[in-house]
Amino acid sequence: MKKQFVAAAVVAVATLTATPALAATSVTHAAAFATHAAPAARSVTVAPAPAVQVVRSGERVDAGGGWTVWLTPEGKHWTGPDGFENFRSVVDGNIDPSQPGVSHQSEGDATRTFHSGLYYGTRKAGKVVLTGADGRKTAATLLELPGRPGWGVWYVTLPAHRDGTSDGVRVTLYDRDGRLLAELPPF
């Protein structure tokens, strides 16, 4: 599993270093949108992602590019290259764990954007996919605490859009069989 995780990080770094800076301004954006229910029969073909990585509470995971992510029973924590700690709660009542859903936070600079969020309401999460306005699909890395708590964290770093925005990114949660569980509309 570690080899898959490292390989995903290497691919992300290689993509970033091969892509020229597309923007001259910084962007920090945090968004969590209501999920839209989707038919269970719909599926998608996307490059395989590593299996869900199980981490201990408080275990810091190097997400590449100066980003660090960790989980506690209260939710998702992360820091970026600036060292500022961020938090997204799973216990404050802002998510509905009784049905599958996904959230999205993003921040970055002129060269890259770190996308991350929660997935919740399922013990069968298999994949989170970001789809750009151009249709390009990127599978995120998934982290979860032991015991399949019904929620976890996803993250991926992508090249920044030329104006520093998320460029209409759609976030989609699939189960282990490729069935659509929830999605966020592009923004």
Side-chain angles (χ1 to χ4, degrees), residues 4-36 44-50 52-53 55 60-71 75-89 94-95 101-120 125 127-143 152-174 180 182-187:
Q4 291 175 332
F5 181 74
V6 171
V10 170
V11 169
V13 170
T15 301
L16 289 174
T17 57
T19 305
L22 299 175
T25 59
S26 303
V27 63
T28 299
H29 178 75
F33 298 96
T35 59
H36 298 283
V44 67
T45 302
V46 180
V52 175
Q53 181 182 354
V55 296
R60 296 191 180 233
V61 176
D62 181 353
W67 299 95
T68 302
V69 179
W70 65 100
L71 288 68
K76 174 184 99 165
H77 303 259
W78 73 102
T79 60
D82 61 5
F84 185 73
E85 186 174 322
N86 297 283
F87 174 70
R88 178 70 167 100
S89 178
N94 284 324
I95 64 168
V102 63
S103 71
H104 180 223
Q105 296 82 42
S106 64
E107 53 189 291
D109 58 25
T111 60
R112 64 183 179 240
T113 303
F114 179 74
H115 298 270
S116 65
L118 299 172
Y119 61 87
Y120 51 88
K127 190 178 301 185
V128 170
V129 176
L130 276 71
T131 305
D134 62 359
R136 184 176 179 171
K137 296 178 184 304
T138 305
T141 299
L142 305 182
L143 304 175
V153 170
W154 64 268
Y155 68 87
V156 65
T157 301
L158 298 174
H161 185 258
R162 66 183 155 276
D163 65 3
T165 67
S166 293
D167 188 31
V169 172
R170 175 182 300 273
V171 180
T172 313
L173 171 65
Y174 297 93
L180 178 64
E183 63 185 342
L184 295 176
F187 58 95

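These values consider heavy atoms only, across backbone and side chains, with no hydrogens, waters or symmetry-generated copies.
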So which heavy atom on [X] is nearest to which on [Y], and how close?
| X | Y | result |
| --- | --- | --- |
| A160 | D109 | CB-O, 3.4 Å |
| D134 | R136 | OD1-N, 2.9 Å |
| A182 | G101 | CB-CA, 3.7 Å |

Q. Quick one: does W154's side chain have a donor or acceptor within less than 3.5 Å of a partner on K127's backbone?
A.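 Looks like no, no N/O pair under 3.5 Å.
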Quiz item: Is it true that a side-chain atom of R112 and a backbone atom of G65 form a donor plus acceptor pair closer than 3.5 Å?
Solution: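 Judged by distance alone, yes, a pair lies under 3.5 Å.
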From the options V156, V153, L173, T138, select the one residue that forms a side-chain contact (heavy atoms from CB on, under 4.5 Å) with V128.
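With V128 as partner, side-chain contact (heavy atoms from CB on, under 4.5 Å) holds for just one option, L173.
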inquiry  = Would T172 and V102 count as a side-chain contact (heavy atoms from CB on, under 4.5 Å) here? Give the steps.
reply    = CA-CA 7 Å; T172 313; V102 63; over 6 Å; no
Spacing of [X] atom [atom1] and [Y] atom [atom2] [to the nearest 0.5 Å]:
| X | Y | atom1 | atom2 | result |
| --- | --- | --- | --- | --- |
| T141 | Q53 | OG1 | CD | 8.0 Å |
| T79 | N86 | OG1 | CG | 8.0 Å |
| L142 | Y119 | CG | OH | 5.0 Å |
| T131 | R170 | OG1 | CZ | 7.5 Å |
| I95 | L118 | CD1 | CG | 5.5 Å |
| Y155 | F114 | OH | CZ | 7.5 Å |

Set of side chain to side chain donor-acceptor pair (under 3.5 Å) partners for N94, sequence neighbours left out
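With neighbours one apart ignored, the set is D92.
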Heavy-atom distance under 4.5 Å between the side chains of E107 and F84, does that happen here?
->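 No - every pair of side-chain heavy atoms lies 4.5 Å or more apart.
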Whether H77 and W70 hold their rings parallel, tilted or perpendicular, with breakpoints at 30° and 60°: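 H77 and W70: parallel rings.
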